[in-house]
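Since this is a predicted model, take the numbers as computed values, not measurements. Nothing fancy with the numbering, it's 1 onward along the sequence. Just the heavy atoms: all of them, side chains too, but no hydrogens, waters or symmetry mates, feed the values below.
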Amino acid sequence: MMDYERDWRKSRENEAKHGVSFMYVIDIWLNWVLTMPSRRKGENRKLSIGVIAGEYWTVIWESKEESRRIISARRSTIKEMALYDRNNI
């Protein structure tokens, strides 16, 4: 099982901005998730799209040895939802 690094201040900021805490979005990894490199150049970030309770979520995160460090989480865009659906065969 993967561990998660938590920055409670960033989680509160993310919840204020995007309406979701990091603790909630951890559940995207309970089901099938589409993961790809983040578009941000020069950083080893990943973008994962998944579904929790019928809602699409996008999480930006970084691998840290045996853990994931969540950087940001938000509702998925329409393009991200379509990409997820096309790849979830």
Side-chain angles (χ1 to χ4, degrees):
M1 182 170 185
M2 183 71 68
D3 286 327
Y4 298 89
E5 291 184 19
R6 295 173 183 91
D7 181 331
W8 298 112
R9 180 186 58 79
K10 284 191 83 165
S11 182
R12 285 190 302 274
E13 290 173 0
N14 193 85
E15 191 166 9
K17 184 175 181 180
H18 298 292
V20 66
S21 72
F22 292 169
M23 288 298 296
Y24 181 77
V25 296
I26 286 171
D27 285 352
I28 71 163
W29 284 284
L30 296 176
N31 299 303
W32 188 82
V33 175
L34 176 64
T35 299
M36 64 199 82
S38 175
R39 288 193 233 173
R40 194 169 226 175
K41 297 198 191 272
E43 296 184 9
N44 192 23
R45 295 181 177 187
K46 295 177 175 61
L47 180 146
S48 291
I49 305 166
V51 177
I52 304 169
E55 296 179 328
Y56 293 82
W57 295 96
T58 297
V59 179
I60 306 298
W61 59 281
E62 178 176 64
S63 290
K64 294 277 193 167
E65 294 179 16
E66 297 292 320
S67 67
R68 290 182 178 119
R69 182 175 72 89
I70 297 175
I71 297 164
S72 178
R74 58 174 171 73
R75 291 281 180 107
S76 299
T77 65
I78 292 170
K79 286 182 181 180
E80 290 166 340
M81 288 186 273
L83 182 62
Y84 176 91
D85 289 339
R86 278 196 311 272
N87 286 278
N88 187 10
I89 300 171

| query | Could you state the interatomic distance from CH2 (Trp29) to OG1 (Thr35), rounded to the nearest 0.5 Å? | reply | 7.0 Å
| task | Kindly state each residue pair satisfying salt bridge (Lys or Arg N to Asp or Glu O under 4.0 Å) with at least one member in residues 15-30, sequence neighbours excluded. | result | none
| said: Quick check: is Met36 connected to Val59 through a chain of hydrophobic side chains (ILVMFWY, heavy atoms under 4.5 Å apart)? | reply: no
| field | Distance-only donor-acceptor check, side chains Ser48 and Trp61, under 3.5 Å | value | yes
| task | First locate atom CH2 of Trp57, then atom CD1 of Ile52, and finally report the distance between them rounded to the nearest 0.5 Å. | result | 7.0 Å
| Say you draw a straight line from CG of Asn88 to CE of Met81; how long is it, rounded to the nearest 0.5 Å? | 14.5 Å
| query | Counting distance only, does the side-chain N/O of Glu80 pair as donor-acceptor with the main-chain N or O of Thr77 below 3.5 Å? | reply | yes
| query | Would a distance-only check, ignoring hydrogens and angles, find a side-chain to backbone donor-acceptor pair under 3.5 Å from Asn14 to Lys10? | reply | no
| Is the backbone of Ile60 close enough, under 3.5 Å, to the side chain of Ser72 for a donor and an acceptor to pair up by distance? | no
| Which heavy atom of Ser76 sits nearest a heavy atom of Ile49, and at what distance? | OG-CG2, 3.7 Å
| Within one Ile-Leu-Val-Met-Phe-Trp-Tyr cluster: Ile70 and Val33, side-chain cutoff 4.5 Å | yes
| request: First locate atom CD1 of Ile71, then atom OG of Ser38, and finally report the distance between them rounded to the nearest 0.5 Å. | output: 7.5 Å
| Residues two or more places apart in sequence or in another chain: which of them pass side-chain contact (heavy atoms from CB on, under 4.5 Å) with Ser11? | Ser21, Phe22
| Could you give the distance from CG (Asn44) to NZ (Lys64), rounded to the nearest 0.5 Å? | 9.5 Å
| query | Which of these, Glu5, Arg68, Lys46, Arg69, sits in a side-chain contact (heavy atoms from CB on, under 4.5 Å) with Glu62? | reply | Arg69
| query | Checking side-chain contact (heavy atoms from CB on, under 4.5 Å) for the pair Tyr56/Ile78: CA distance, chi angles, key distance, verdict? | reply | CA-CA 9 Å; Tyr56 293 82; Ile78 292 170; over 6 Å; no
